Amino acid sequence: MSRNRARRSPAPTVAAMDVPLPSWPSPLRGPWLTSVFAVVLLAGVPVLWVTGLLSYAAYNPDLAPVNDKTPGKGLLGFYLFSWPTDPYWLYRVTQGVHVTLGVVLVPVVLAKLWSVVPKLFALPPVRSVGHALDRLSLLLLVGGGLFTFATGVLNIQLEYIFPGSFYPLHFYGSWVFFGAFLAHAALRLPRTVRALRGRDLRAELRTPVSRTVAEPPDPGSGLVSRDPAPPTLSRRGALGLVGLGSLALFVVTAGQSIGGSLRGTALLAPHGRDPGPGPNGFQINKTAASVRLRARDIGEDWRLVVRGGGRTTVLTRERLERLPRHRSLLPIACVEGWSTSDQRWEGVRLVDLAALVGLDHDPPGVFVESAQPHGSFRSAALRDNQVRDTRSLLALRVNGARLSVDHGYPARIIVPGAPGVMNTKWVTRLTFGEAAWPA
Ligand SMILES: Nc1nc2c(c(=O)[nH]1)N[C@H]1C(S)=C(S)[C@@H](COP(=O)(O)O)O[C@H]1N2
Ligand SMILES: [Mo]
């Protein structure tokens, strides 16, 4: 039918018009190489996605409109659950994996894109309804993927360049990306399996540049160059290059999650500044100066206001320090992927503070406010399970010394298993019970 029409009106096709299209001459491109990258992503991306969803849940976004203001998260929040406080290193592991794996996969994503780039510019743009749907899913896949990776990398490198809005952007982007990823993986699976069976990985790893030839012509995949140039790199070389890139990124990233002396290798870690020696010598997220904390915000006039159950108690620092003190060995694990090793915190249990206003039985969640006048993270809400855990403290000391101003003097929250952002510094007010929280 279409052939008949073509014969009647011999309109030149795009290919016949001599448009100077790039010819994509690399002899390495082909279904096999693309499939190798695809398999790595097939293993890695679901782990990224699950740890990402976990991180979102760890923010307790369904607690009033306090921790997360994503509009209409609605259905996408179907899976949210109470983030547990056990094991106490939970978020340290899930987020360390999320960020490290995300960074390590960047070279693989770029290589995969390189390997299929002729397809992205294929003409005519649409050949049939099926083809149109396929290309639309590719647009969502490539667009969603680049967007999710880019926002993630920017967030860990540039100290939250989208304060507040990072979460919805990265969250929605990841749903688009993962939806398209699943569709794409299902559609291409048979082709991928066939391509991988077609060549032996071990033989390929023994093939030098001199014996490297293009994969057999494969009009079905559209990846193999019709006019391949002589090779300048073997497939082994290409895989090695990508692998080395990932390994290098791993080496300069993982140290920030593992912490301790390995932090020194974390060249890519954000806020690389030295926190200095001594008991307070561990990673600082935002210094007091960077949030423009004034001396008077935490000086003589500082008070801790505890509210809840219709009562209010105001404590001076002296009175707070006379309350029963307890110890907790806990890390700080930031959404950015860095974490500290376990620190020895000392302070007043949140359950004891709730009891001050009469909530001495199964206290509810708490809304925590900071004396900091500017910037984000001035408040955070904790869930009842976090308040009730006896390791959760309003900490006054760390590693045997008074909290430094940058670590939250006179008092900061520390909670097991939770993201660092829950550990509000320079605390000035605690409001127990959701009914009294700001709407
Ligand atoms: N008031 C206040 N508390 C805060 C923050 C902040 O910017 N302001 N940053 C939070 C974040 S995101 C993290 S990871 C931890 C880091 O604590 P640290 O700076 O003592 O390491 O503090 C949290 N508490
Ligand atoms: Mo953080």
Side-chain angles (χ1 to χ4, degrees), residues 55-56 58-60 66-68 89 91-92 94-96 98-99 152 154-164 166-167 170 256-257 259 263 266 269-276 278-294 297-298 302 304 328 330-347 366-382 386 392-399 401-430:
S55 178
Y56 191 67
Y59 270 71
N60 288 343
V66 178
N67 295 350
D68 173 71
W89 39 259
Y91 191 72
R92 193 171 177 216
T94 62
Q95 195 61 5
H98 184 71
V99 170
L154 288 174
N155 192 56
I156 57 178
Q157 284 305 314
L158 299 176
E159 314 186 19
Y160 314 94
I161 57 164
F162 332 89
F166 167 74
Y167 304 96
H170 197 63
Q256 65 172 339
S257 311
R263 222 199 124 72
H271 339 266
R273 62 177 166 272
D274 185 6
N280 277 279
F282 57 95
Q283 184 71 3
I284 296 161
N285 173 279
K286 295 264 168 34
T287 59
S290 76
V291 300
R292 286 183 274 160
L293 192 78
R294 299 154 300 193
D297 295 327
I298 54 171
W302 178 88
L304 177 69
S328 291
L330 297 172
I332 287 181
C334 181
V335 65
E336 296 172 338
W338 61 262
S339 52
T340 72
S341 50
D342 296 351
Q343 311 293 325
R344 284 181 294 119
W345 304 94
E346 191 185 323
V366 66
F367 178 60
V368 183
E369 292 167 90
S370 161
Q372 134 188 7
H374 293 283
S376 28
F377 318 123
R378 281 150 65 191
S379 59
L382 300 173
Q386 293 171 317
S392 300
L393 302 178
L394 183 66
L396 310 175
R397 301 172 67 81
V398 66
N399 301 322
R402 210 179 70 177
L403 280 182
S404 70
V405 169
D406 284 336
H407 279 306
Y409 172 87
R412 78 166 307 159
I413 297 285
I414 185 82
V415 173
V421 70
M422 300 300 193
N423 301 321
T424 306
K425 307 196 273 193
W426 313 295
V427 171
T428 185
R429 204 198 313 228
L430 300 172

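Values in this document were obtained by computation on a predicted structure and should not be read as measured data. All ligand and atom numbering here is 1-based and tracks the order in the structure.
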Looking only at N/O atoms, are [X] and ligand 1 under 3.5 Å apart anywhere?
{"X": "R378", "result": "no"}
{"X": "W338", "result": "no"}
{"X": "N423", "result": "yes"}

- Side-chain touch Q95/V335, heavy atoms, less than 4.5 angstrom: yes
Would you tabulate the side-chain donor-acceptor contacts of residues 410-421 under 3.5 Å, counting partners in other chains and residues two or more places apart, or write 'none'?
from, atom 1, to, atom 2, distance (Å)
R412, NH1, H407, O, 3.2
R412, NH2, N423, O, 2.9

Can you name the atoms of ligand 1, numbered from 1 with element, that are less than 4.0 Å from a heavy atom of [X]?
{"X": "K286", "answer": "7 (O)"}
{"X": "Q283", "answer": "18 (P), 21 (O)"}
{"X": "S370", "answer": "1 (N)"}
{"X": "I332", "answer": "16 (C), 17 (O), 20 (O), 21 (O)"}
{"X": "W426", "answer": "1 (N), 2 (C), 8 (N)"}
{"X": "I284", "answer": "19 (O), 21 (O)"}

- Taking all non-hydrogen atoms of both residues into account, name the closest pair between C334 and N285 and its distance. SG-ND2, 4.0 Å
- Item | Separation of R92 CZ from D342 CG (nearest 0.5 Å) |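 Answer rounded to 0.5 Å: 6.5 Å.
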- Region of R412 engaging ligand 1 - heavy atom pairs below 4.0 Å: side chain
- Under the salt bridge (Lys or Arg N to Asp or Glu O under 4.0 Å) rule, collect the residues that match up with R378, sequence neighbours excluded.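 None.
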- Query: So with a 6.0 Å cut-off around CZ of R294, is the heavy-atom count from everything else above 12?
  - Reply: yes
